[in-house]
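Computation of the quantities below employed the complete heavy-atom set of this structure, encompassing side-chain atoms and omitting hydrogens, waters and symmetry-equivalent molecules.
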Amino acid sequence: MKFSPTRYFLLLLTLIVFSFSAKAQNVVATNAWTAAFAEAAGAQNVTVLAPFKMQHPTEYELRPGDIPRVMKADLIIYAGYETMLDRMRKGLHVDESKMLQIDTRYDLPTLRKSIMKIAEKLGTTEQAEANLKQIETVINRAKATLKQDGMLEEPVLVHFFQRPLAKELGLKIAGVFGPAPPEARQIADMAKTHAALIIDNAHNPVGKPLQEVLPDARMVSLLNFPGTHGTQTLMDVIHYNVEQLTQVSSDLKK
């Protein structure tokens, strides 16, 4: 096939335009967690609506300064549990074609599904795949450490919102509590599990009564939303969470 300068120029122009559009899209995320998914997918300069260090970011209400950001967005990443969605849809009448819903959990299937869903919209699947490999490596190393320490054989009580990660790591879940505070019957039942570890949720901790009836159990509070303990990305949160768990498994091994 003969070399065609015109064809070559058009191909080059298409690649440049595609690359530019993927990187230049104005991406808005409802909170630090959805923003972390967007960045793991390859989005750049993501605008985050709910403040990073907000205790309950799901309850964030849009402020006047947020409205131009929302209206100018090319893509809005949300999870479905945000209070602000009602105003976006009914008050601002945001075009649904600009809104992309994802699941926010730390099990590998959900991480892959949500990250790739965003990446396909942005045209950043290569970057997303590279980031997913790093995440998978960290989680698989944590699994190996917990197994080596014998932690996977110990009964564990876990907050409902931390169950996906606990299950992904292979922990032996003897009971699930939350998001509401456990009632007397549930506390009594969980006391019978003789759990070695109680995994609470840092964003709405309710596990303290369980520690009172299981005084020998270790307790950790894990993150979902980035923003505390120096976390900003999905990888930061995963590193933080697995470090809490592997430290406990190391201590129990001694």
Side-chain angles (χ1 to χ4, degrees), residues 31-41 58 77 79-81 101-119 125 128-179 190 193 195-207 210 217-229 231-253:
N31 55 61
W33 203 359
T34 53
F37 271 88
E39 289 170 353
T58 59
I77 312 295
Y81 44 63
Q101 184 172 12
I102 62 168
D103 291 324
T104 50
R105 294 193 298 273
Y106 286 108
D107 57 285
L108 287 175
T110 299
L111 286 163
R112 171 165 287 280
K113 179 182 176 182
S114 294
I115 288 171
M116 294 309 296
K117 187 176 183 179
I118 301 168
T125 54
E129 285 287 0
N131 290 335
L132 277 165
K133 284 183 181 178
Q134 292 181 21
I135 289 170
E136 289 167 0
T137 297
V138 172
I139 289 179
N140 288 330
R141 283 178 181 168
K143 284 182 186 179
T145 299
L146 293 171
K147 183 177 181 180
Q148 183 179 349
D149 290 346
M151 192 66 213
L152 301 187
E153 303 302 320
E154 299 287 348
V156 172
L157 300 179
V158 61
H159 190 289
F160 177 80
F161 289 136
Q162 294 298 338
R163 185 180 182 183
L165 177 61
K167 191 174 179 181
E168 181 63 52
L169 292 171
L171 292 169
K172 185 179 178 181
I173 300 174
V176 178
F177 61 92
M190 290 193 173
T193 65
L197 175 64
I198 301 167
I199 301 175
D200 211 346
N201 184 44
H203 310 289
N204 66 317
V206 293
L210 299 175
R218 294 289 299 273
M219 188 170 190
V220 295
S221 291
L222 303 187
L223 303 176
N224 277 329
F225 293 84
T228 58
H229 303 285
T231 60
Q232 288 192 325
T233 66
L234 290 183
M235 186 67 85
D236 290 341
V237 172
I238 293 168
H239 268 299
Y240 175 81
N241 286 344
V242 299
E243 282 174 6
Q244 307 313 301
L245 295 172
T246 54
Q247 182 61 56
V248 169
S249 70
S250 176
D251 290 346
L252 291 176
K253 184 181 177 183

In chain order, what residues pass the side-chain contact (heavy atoms from CB on, under 4.5 Å) check against [X], with sequence neighbours excluded?
X      : result
Thr193 : Leu157, Ala174, Ala195, Leu214
Pro164 : Arg105, Asp107
Ala119 : Ala41, Thr124, Thr125, Ala128

Side chain proximity check, [X] to [Y], heavy atoms < 4.5 angstrom:
X      : Y      : answer
Met151 : Val156 : yes
Leu223 : Thr228 : yes
Ile139 : Leu111 : yes
Leu245 : Thr145 : no
Leu132 : Met116 : yes
Ile135 : Met235 : yes
Ile118 : Ile77  : yes

* **Minimum heavy-atom distance between Phe160 and Gly178, given as atom pair plus value** => CB-O, 3.6 Å
* Determine the minimum heavy-atom distance between Asn31 and Tyr81, stating which atoms define it. =>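 Nearest pair, atom of Asn31 first, then Tyr81: ND2-CE1, 3.8 Å.
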Would you please name every residue forming a side-chain hydrogen bond (donor to acceptor under 3.5 Å, both in side chains) with [X], sequence neighbours left out?
X      : result
Asn131 : Gln127
Asp103 : none
Lys117 : none
Thr58  : none

* Pairs touching residues 152-166 that satisfy salt bridge (Lys or Arg N to Asp or Glu O under 4.0 Å), sequence neighbours left out ->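 Pairs touching residues 152-166 that pass the test: none.
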* Asked: Restricting to pairs with a member in residues 141-150, which pass salt bridge (Lys or Arg N to Asp or Glu O under 4.0 Å), not counting sequence neighbours?
  -> Lys143-Glu168, Asp149-Lys253
* To do: Please find out if less than 6.0 Å separates the ring center of Phe225 from that of His203.
  =>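 They qualify: ring centres under 6.0 Å apart.
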* Could you pull out all residues at least two apart from Glu136 that satisfy salt bridge (charged side-chain N to carboxylate O under 4.0 Å, His left out)? =>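 Applying salt bridge (charged side-chain N to carboxylate O under 4.0 Å, His left out) to Glu136 gives Arg112.
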Between [X] (side chain) and [Y] (backbone), is there a donor-acceptor pair under 3.5 Å?
X      : Y      : value
Ser250 : Thr246 : no
Asn224 : Gln162 : no
Asn201 : Phe161 : no
Asp236 : Thr233 : yes

* Kindly state each residue pair satisfying ring-ring contact (aromatic ring centres under 6.0 Å, His included) with at least one member in residues 232-251, sequence neighbours excluded. => His229-Tyr240
* Say you draw a straight line from OG of Ser114 to CD of Gln101; how long is it, rounded to the nearest 0.5 Å? -> 9.5 Å
* Asked: Measuring from Leu152:CG to Leu169:CG, what's the distance to the nearest 0.5 Å?
  ->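 So the gap between those two atoms works out to 8.0 Å.
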* To do: Verify whether one side chain among Asn140 and Thr137 offers a donor that lies under 3.5 Å from an acceptor in the other.
  => no
* side-chain contact (heavy atoms from CB on, under 4.5 Å) assessment of Leu234 paired with Ile115 -> CA-CA 11 Å; Leu234 290 183; Ile115 288 171; 3.9 Å; yes
* Structure fact -> Tyr106 meets the ring pair (Phe, Tyr, Trp, His ring centres under 6.0 Å) criterion, sequence neighbours left out, with Trp33
* Checking side-chain contact (heavy atoms from CB on, under 4.5 Å) for the pair Leu210/Met219: CA distance, chi angles, key distance, verdict? -> CA-CA 10 Å; Leu210 299 175; Met219 188 170 190; over 6 Å; no
* To do: From the options Ile199, Val176, Leu222, Asn204, select the one residue that forms a side chain to side chain contact (heavy atoms under 4.5 Å, CB included) with His159.
  => Asn204
